[in-house]
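Proteins get letters first, then strands, A, B, ... in listed order; numbering begins at 1 in each.
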Number of protein chains: 2
Amino acid sequence: MHRRAGGKIPVTLKDVAREAEVSNTTVSRVLTGKVSPVMISESTRQRVLETAARLGYRPNLMARGLRTQRSGTIGVLVADITDPFSAALIPAIAAVFAARGYQFVLSHAMSDSLSGREFEPLLGSWVDGVLVLGDRVLGREAEADLLKHYHHVVGVARTRDNTMIPSVNVDDTHGIRLAIEHLLALGHRQIAFVGNRLSWDMDRRLDVFLSEMAERGLSVPPEAIALGPHSAAGGYAAATRLMDANVKPTAFLCAADLLAVGVLCALQEAGWRVPQVLSVVGFDDIPQAAYTSPPLTTVRQPVAELARTAATLLLDSIEGETEQESSNELRSDAAPLAGSPQDVRKVLLTPTLVVRRSTTSVHLCGSDCDHNVSSG
Amino acid sequence: MHRRAGGKIPVTLKDVAREAEVSNTTVSRVLTGKVSPVMISESTRQRVLETAARLGYRPNLMARGLRTQRSGTIGVLVADITDPFSAALIPAIAAVFAARGYQFVLSHAMSDSLSGREFEPLLGSWVDGVLVLGDRVLGREAEADLLKHYHHVVGVARTRDNTMIPSVNVDDTHGIRLAIEHLLALGHRQIAFVGNRLSWDMDRRLDVFLSEMAERGLSVPPEAIALGPHSAAGGYAAATRLMDANVKPTAFLCAADLLAVGVLCALQEAGWRVPQVLSVVGFDDIPQAAYTSPPLTTVRQPVAELARTAATLLLDSIEGETEQESSNELRSDAAPLAGSPQDVRKVLLTPTLVVRRSTTSVHLCGSDCDHNVSSG
DNA sequence: CTGTTAGCGCTTTCAA
DNA sequence: TTGAAAGCGCTAACAG
């Protein structure tokens with residue numbers, strides 16, 4: 001008698017069949033619920049169901065997968081689960097997957113310099129599709145590599161626009177615009193930018209910021225821009241640099257809340273009070289953003305909707321293939337991999353501005369406004 | 001010709017065999033690297049290896065798993081990946097798993113009221129073992145249920161001492177003691193406690209706090225204790241209650257950094273400056289703890305070591321079974337499931353105190369110390 | 001409506 | 001040192 005590695009007594013489909021006095025086929029048919037072509041008498045159906053439950057039968061997913069050529073498992077690629085925004089996407093994604101009978105395996109990598117190879121072990125040939133979370137994962141070549149292996153790949157929070165992966169994102173342009181207009185309405189004109197330094201790509205939000213500012217006739221000197229790694233430490237360092245620089249912004253616009261957390265910390269340590277001396281705006285609206293000191297005004301990404309949309313897109317794509325052998329639902333062109341980035345399907349969701357306490361009117365800043373005296 | 005659900009052209013072992021002009025058996029033997037019983041000529045070995053590489057062969061894990069009765073996959077149960085402390089464990093866990101050739105599937109559940117059933121879909125009969133992260137997951141019955149299905153289960157950050165699951169934890173008693181002694185050394189005598197309200201269990205750290213305080217002859221009135229859900233919001237609410245209460249603590253001890261984040265926010269909104277008016281100590285040392293305003297003094301859990309130890313324990317347990325059919329390495333008694341909680345193996349790691357800016361000597365607090373005038 | 005049969009891709013006795 | 005063959009547990013033609 002066999003003993004499964006991780007379990008105890010394995011009850012197989014055959015056991016159920018014997019006990020219920022029907023064939024394996026019947027049991028299989030009842031349990032998979034595929035009654036389309038053939039019908040099953042209500043009596044046997046009940047008997048099978050009852051027996052399976054009584055025996056505590058759990059289908060062996062590996063056997064099923066081997067047979068059906070699908071695992072019911074999705075690979076989720078994430079650069080760093082420790083990033084609150086990435087983490088925030090998981091529950092909603094998991095919910096969609098669970099509702100549709102899928103599981104997921106999480107492929108995690110701490111390094112920012114990911115070659116596709118680093119994901120190999122996880123993508124060991126048996127996931128039905130891949131969901132890629134965030135920008136800081138998969139460079140161009142790695143991306144191409146991934147697409148070579150898997151038909152069904154969808155990205156979320158994947159801002160880069162030269163990606164070949166169909167993806168669902170927040171509308172960065174609109175988000176940055178919301179932030180800028182909020183600041184402008186409060187009288188701010190000198191706005192500094194704290195952004196992410198990505199490995200393969202510039203920070204898209206920075207581009208948007210620059211062009212939106214230019215469009216409004218506001219110039220942004222290079223010294224008013226500080227880039228750093230995506231972390232509170234990165235934000236802290238960037239803010240420190242900005243405070244030392246020869247610019248006197250009245251507001252900081254951060255490309256991510258995580259950066260803003262570091263910025264806030266650096267500012268308060270230096271004695272620059274927020275928002276009295278300086279206004280700070282974030283981007284993402286991670287859970288902690290509501291509990292910084294002061295609570296952060298930020299551009300909210302519709303996290304749950306983002307996650308749901310992406311997961312649904314991916315699953316639809318996977319299941320679509322079943323019906324018509326090899327549809328290319330996610331690509332507008334027929335030839336696989338032949339399209340240029342513009343041909344790749346993109347979904348854009350709309351962000352909103354949530355105003356908390358880290359921003360205020362620039363006029364509130366009185367005579368003690370020339371805070372550069374207090375800076376080193 | 002078959003077309004895999006998620007992939008493109010599947011290269012099978014048979015393909016490699018044909019191409020290399022050897023039998024499947026040989027290919028399998030070379031690739032699995034099990035050369036113990038039989039030797040393989042260096043020439044064929046090289047040929048096989050080369051062909052496999054050239055063809056881009058990737059073993060089908062489902063087929064292999066079906067045959068070997070092990071999936072090489074671990075189930076990781078987590079109450080809420082959104083919790084920074086839980087998230088912080090993942091990378092180290094993932095590293096150990098990857099290094100030993102395992103993957104993991106993450107089972108996520110948002111609800112605090114978890115029956116074991118909620119994990120069923122994930123644990124669909126094929127994981128080699130289960131790693132349980134945190135306290136807020138799996139009640140007693142669910143735990144028993146899990147142990148009924150899996151031999152190999154290990155918990156991390158699972159403080160409850162009535163658990164039947166072998167687990168590796170930080171030494172809470174020592175941690176709380178560190179915090180108390182730090183506060184005491186700074187002259188604090190009135191210490192309030194902000195804790196987690198768990199579903200199945202009291203907050204163990206509260207118990208420790210109470211007994212440690214009593215041991216030092218310090219009484220803690222019930223009004224100086226506030227419990228809430230494990231979130232910044234929970235901490236915020238708890239602090240608000242504490243500020244309104246008829247007690248005048250000079251320090252808050254928080255059972256978790258996440259709570260402390262909310263506490264800090266509530267305090268600063270109410271104008272109670274930290275640490276001038278009130279000192280605050282956290283527990284966990286989540287990444288953000290270094291970037292709160294002010295940076296948080298906290299009890300650091302050795303996250304990486306915790307994760308590594310637990311993952312290693314689990315994997316050793318799984319692989320131990322292979323050698324001697326059914327060892328009960330993790331239990332001190334022979335009869336499966338028969339032991340009482342005391343029999344279950346527990347590993348305790350030592351926490352350290354990291355002093356940042358949220359605590360200060362109580363004597364620094366001058367005449368404006370009677371902050372209760374400013375409280376509603 | 002139900003059963004028989006074949007086989008997914010791999011590992012593993014057993015025999016050569 | 002290598003190969004032939006059986007079979008893990010399940011599903012999907014194809015018969016009946």
Side-chain angles (χ1 to χ4, degrees), chain A residues 1-7 9-48 52 55 57-72 124-126 128 322, chain B residues 1-7 9-48 52 55 57-72 124-126 128 322:
Chain A
M1 162 176 180
H2 268 288
R3 199 173 242 296
R4 315 187 72 252
I9 22 85
V11 180
T12 73
L13 180 144
K14 202 186 282 183
D15 297 329
V16 179
R18 188 178 346 89
E19 194 79 2
E21 296 175 303
V22 291
S23 74
N24 314 5
T25 317
T26 305
V27 176
S28 173
R29 282 201 271 247
V30 170
L31 263 25
T32 52
K34 288 184 183 170
V35 270
S36 348
V38 265
M39 293 293 264
I40 292 159
S41 77
E42 199 48 34
S43 59
T44 40
R45 151 175 236 87
Q46 285 309 328
R47 189 150 36 91
V48 169
L55 263 41
Y57 169 69
R58 324 225 31 98
N60 182 320
L61 300 192
M62 295 190 292
R64 175 181 293 177
L66 182 57
R67 190 56 245 247
T68 60
Q69 299 290 32
R70 36 184 43 180
S71 61
S125 84
W126 60 291
D128 295 345
T322 314
Chain B
M1 163 177 181
H2 267 286
R3 200 173 242 296
R4 316 187 72 254
I9 21 85
V11 180
T12 74
L13 181 144
K14 201 186 284 181
D15 296 330
V16 178
R18 189 178 344 90
E19 195 80 2
E21 295 175 304
V22 291
S23 74
N24 317 4
T25 316
T26 305
V27 177
S28 173
R29 281 201 271 247
V30 170
L31 263 25
T32 52
K34 288 183 184 168
V35 270
S36 349
V38 266
M39 293 295 263
I40 293 161
S41 77
E42 198 48 34
S43 60
T44 41
R45 150 175 239 87
Q46 285 309 328
R47 188 150 35 89
V48 168
L55 263 40
Y57 170 69
R58 324 225 32 96
N60 182 320
L61 299 193
M62 294 190 293
R64 174 180 294 177
L66 182 58
R67 191 55 243 248
T68 60
Q69 299 292 31
R70 36 184 43 180
S71 61
S125 82
W126 60 290
D128 294 345
T322 314

Query - Residue whose closest nucleotide on DNA chain C lies nearer the 5' end, B:L66 versus B:T26 - result: B:L66

Query raised in the report: In residues 12-20 of chain A, which residues come under 4.0 Å of DNA chain C by heavy atom?
Result: none

Query - N or O in side chain of A:S41 less than 4.0 angstrom from C:dT2 OP1/OP2 - result: yes

Side-chain donor/acceptor contact of [X] with base of [N] under 3.5 Å:
X: A:R29; N: C:dG3; value: yes
X: A:R67; N: C:dG9; value: no
X: A:T68; N: D:dA12; value: no

Query - Other residues, nucleotides, ligands: >12 heavy atoms within 6.0 Å of A:E21 CD - result: no

Query raised in the report: Is it true that a side-chain atom of B:D128 and a backbone atom of B:S71 form a donor plus acceptor pair closer than 3.5 Å?
Result: yes

Requested in this report: Using atom types as modelled and distance alone, determine if a side-chain donor or acceptor of B:R45 lies under 3.5 Å from a backbone N or O of B:I40.
Outcome: no

Among the candidates [options], find the nucleotide nearest to the side-chain atoms of [X].
X: B:N60; options: D:dC10, C:dC8, C:dC10; result: C:dC10
X: B:T44; options: D:dT2, D:dT11, D:dG3; result: D:dT2
X: B:S23; options: D:dT2, D:dG3, C:dT11; result: D:dG3
X: B:Q69; options: D:dC14, C:dG9, D:dC8; result: D:dC8

Report task. Compute the angle between the rotation axes at the two ends of the helix from C:dC1-D:dG16 to C:dA16-D:dT1, each taken over five pairs, rounded to 10 degrees. Result -> 40°

